[in-house]
Participant: 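Here it is, the structure, as structure tokens.
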Number of protein chains: 2
Amino acid sequence: MRRKEGNKEADILKAATEVFAREGFHLAKISQIAEKAGLSVGTVYLYFENKDHLLQRIFESLWEGLLDHSQKLVETPNLNALEKIDGIVDIVFDTFAENPSLGAVFQKEMHHVSNLKHTPFRTYFEQFISIGEKILAEGREQSLFHPETNLHVAVSFIFGGLRFSVHQWTLHPEAESLVIFRSGIKKIIRNGLSV
Amino acid sequence: MRRKEGNKEADILKAATEVFAREGFHLAKISQIAEKAGLSVGTVYLYFENKDHLLQRIFESLWEGLLDHSQKLVETPNLNALEKIDGIVDIVFDTFAENPSLGAVFQKEMHHVSNLKHTPFRTYFEQFISIGEKILAEGREQSLFHPETNLHVAVSFIFGGLRFSVHQWTLHPEAESLVIFRSGIKKIIRNGLSV
DNA sequence: ATTATAAATGAATTCAAATTCATTTATAGA
DNA sequence: TCTATAAATGAATTTGAATTCATTTATAAT
């Protein structure tokens with residue numbers, strides 16, 4: 001009996017991420033993905049039920065990575081809330097610096113994925129947000145943060161800002177170094193604009 | 001000869017905005033838009049060349065409104081940079097509070113629109129960003145802002161955070177009042193999280 | 001070397017929705 | 001009242017890509 005050569009599932013996911021990043025999910029063609037992965041259209045369907053599932057899988061592993069790292073971070077002792085916020089920024093930047101296409105897909109398609117039936121993506125997002133809120137609440141208790149900061153509002157703002165600016169960086173990585181982008185964002189979250 | 005009744009062009013744009021907001025551009029059906037606007041599919045094509053143009057028109061007037069107001073704001077004398085930042089937040093919130101569906105479309109479809117051929121949307125976005133950078137540069141000169149803040153990074157972050165959080169508010173307007181959301185965001189931009 | 005079978009292929013099929021256009025409807029002007 | 005013509009309609013057409021599946025290919029087992 002014939003055996004599988006290489007890791008086609010991984011090849012397909014990688015190709016799909018790149019094509020979705022460039023074209024956007026809805027304009028991406030399975031034929032483009034197949035070509036980029038170096039196999040035929042039919043083979044894509046041997047490994048994935050359909051186009052939606054491809055996107056779901058990408059988000060599943062993305063969210064699991066983000067949540068895993070973030071969960072570990074919040075549980076780390078001897079880190080104050082400010083350091084934890086920096087840690088979250090690092091997790092997000094590390095994730096997408098390593099794989100810029102993923103940043104584009106995350107920015108462009110999160111809403112679509114959340115609306116797919118039978119997916120727990122709203123939950124993943126909510127978990128992430130709730131980790132953020134936990135950190136901010138901690139910082140408030142430690143009197144590191146302004147006591148009147150509305151947690152929910154702050155977390156939304158930071159999530160949106162972080163996701164968008166990481167994506168911008170992946171689009172123009174030459175404009176500012178990753179180091180500058182990353183530290184710039186940490187400063188704004190900590191100190192805002194005012195002197 | 002027969003004359004046009006009402007303002008069908010406006011009805012179609014309004015309906016399209018609502019349907020695009022709920023379904024996302026690519027899953028939205030012209031038939032849904034026609035039904036919501038109270039006219040037939042063919043009539044949509046009497047007023048708009050195709051589906052893409054419908055989205056383009058929505059963004060065109062949205063951007064023009066945002067840029068118009070922002071332009072006026074930066075030119076207002078006797079406002080310091082911090083007040084101008086607050087003004088931008090107000091402009092964005094006013095725009096979308098008045099028409100929440102527009103906020104969803106802006107969040108979900110900006111990237112798609114930017115990639116449409118023959119559109120100046122990259123330019124609109126760049127103009128908006130450059131207004132932001134101008135304000136931040138001003139604040140730096142007035143010694144209101146941290147001198148080491150990277151303008152480009154800060155503006156990206158703020159744009160993304162603002163757009164996302166306004167959209168979140170439109171999704172769950174009951175969770176926090178508009179007033180709380182708006183002032184919370186102003187505080188974070190000004191002062192960050194730290195005491 | 002032959003066989004059985006899993007893996008892979010890609011042309012053919014299916015499907016859904018965008019777009020068109022022949023037909024109908026309403027009204028301004030004669 | 002009767003055109004002439006613009007406006008509106010929606011069934012029919014077109015389009016384009018997702019998905020299928022009959023066929024081919026490779027290899028493990030005998």
Side-chain angles (χ1 to χ4, degrees), chain A residues 1-59 105 108-109 111-113 115-119, chain B residues 1-59 105 108-109 111-113 115-119:
Chain A
M1 115 175 96
R2 192 171 179 179
R3 77 186 148 82
K4 296 183 182 179
E5 274 301 325
N7 187 345
K8 297 213 172 57
E9 182 171 317
D11 295 345
I12 293 168
L13 283 173
K14 182 166 182 293
T17 303
E18 286 163 19
V19 176
F20 290 162
R22 197 183 56 238
E23 309 286 334
F25 176 75
H26 291 283
L27 296 182
K29 320 276 180 286
I30 298 291
S31 58
Q32 294 174 300
I33 294 170
E35 184 174 27
K36 180 162 285 228
L39 35 75
S40 72
V41 166
T43 302
V44 173
Y45 285 88
L46 246 37
Y47 289 83
F48 297 92
E49 193 170 337
N50 56 39
K51 200 179 166 188
D52 279 346
H53 277 62
L54 222 34
L55 187 65
Q56 282 185 238
R57 279 292 204 62
I58 290 168
F59 268 80
V105 178
K108 291 180 179 175
E109 309 302 344
H111 288 289
H112 175 58
V113 177
N115 291 330
L116 292 176
K117 293 304 163 209
H118 313 302
T119 58
Chain B
M1 114 173 96
R2 190 173 181 179
R3 78 185 146 83
K4 296 184 183 181
E5 273 302 326
N7 187 344
K8 297 214 173 53
E9 182 170 319
D11 294 346
I12 293 168
L13 283 174
K14 183 166 180 295
T17 303
E18 285 162 20
V19 176
F20 291 162
R22 198 183 55 238
E23 309 286 334
F25 176 75
H26 292 282
L27 297 182
K29 322 275 180 285
I30 299 290
S31 58
Q32 295 174 299
I33 295 169
E35 185 174 24
K36 180 161 287 229
L39 34 74
S40 73
V41 166
T43 302
V44 172
Y45 286 89
L46 245 39
Y47 288 83
F48 297 92
E49 191 170 337
N50 57 37
K51 198 178 165 189
D52 279 346
H53 277 61
L54 220 34
L55 187 64
Q56 280 184 240
R57 279 291 205 63
I58 291 169
F59 268 80
V105 178
K108 292 180 178 175
E109 309 302 343
H111 287 289
H112 175 56
V113 177
N115 292 329
L116 293 176
K117 294 303 164 209
H118 314 303
T119 59

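Chain identifiers are assigned alphabetically (A, B, ...) following the order of the sequence lines, protein sequences preceding nucleic acid strands; residue numbering begins at 1 within each chain. Side chains are part of it too, since the values below use all heavy atoms of this structure and drop only hydrogens, waters and symmetry mates.
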Participant: Do side-chain atoms of A/Lys108 reach the backbone of A/Phe20 as a donor and acceptor pair under 3.5 angstrom?
Facilitator: no
Participant: Is it true that B/His112 and B/His26 have ring centroids separated by less than 6.0 Å?
Facilitator: yes
Participant: Would a distance-only check, ignoring hydrogens and angles, find a side-chain to backbone donor-acceptor pair under 3.5 Å from A/Glu109 to A/Leu55?
Facilitator: no
Participant: Name the first nucleotide and the last nucleotide along DNA chain C (5' to 3') that come under 4.0 Å of a heavy atom in chain B.
Facilitator: C/dA17 to C/dA28
Participant: Quick check against the 3.5 Å criterion: does B/Lys29 have a side-chain atom that pairs as donor or acceptor with the backbone of B/Val19?
Facilitator: no
Participant: How many angstroms lie between CD1 in B/Ile33 and CG in B/Leu39, if you round to the nearest 0.5 Å?
Facilitator: 10.5 Å
Participant: Please tell me which of B/Arg2 and B/His26 maps to the more 5' nucleotide of DNA chain C, matching each residue to the nucleotide holding its nearest heavy atom.
Facilitator: B/His26
Participant: 5'-most contact on DNA chain D: B/Arg3 or B/Gly42, nearest heavy atom basis?
Facilitator: B/Arg3
Participant: B/Tyr47 near the nucleic acid: base, sugar-phosphate alone, or nothing, with a heavy-atom cut-off under 4.0 Å?
Facilitator: sugar-phosphate
Participant: Using a heavy-atom cut-off of 4.0 Å across all strands, would you classify A/Ala34 as base, sugar-phosphate, or nothing?
Facilitator: nothing
Participant: Within the supplied structure, the quantity of interest is the number of heavy atoms (other residues, nucleotides, ligands) at a distance under 6.0 Å from B/Lys14 NZ; does it exceed 12?
Facilitator: no
Participant: Applying a 4.0 Å non-hydrogen cut-off, can you work out what B/Leu46 is touching in the nucleic acid: base, sugar-phosphate, or nothing?
Facilitator: base
Participant: Atom NZ of A/Lys4 to atom P of D/dA28: distance rounded to whole Å?
Facilitator: 14 Å
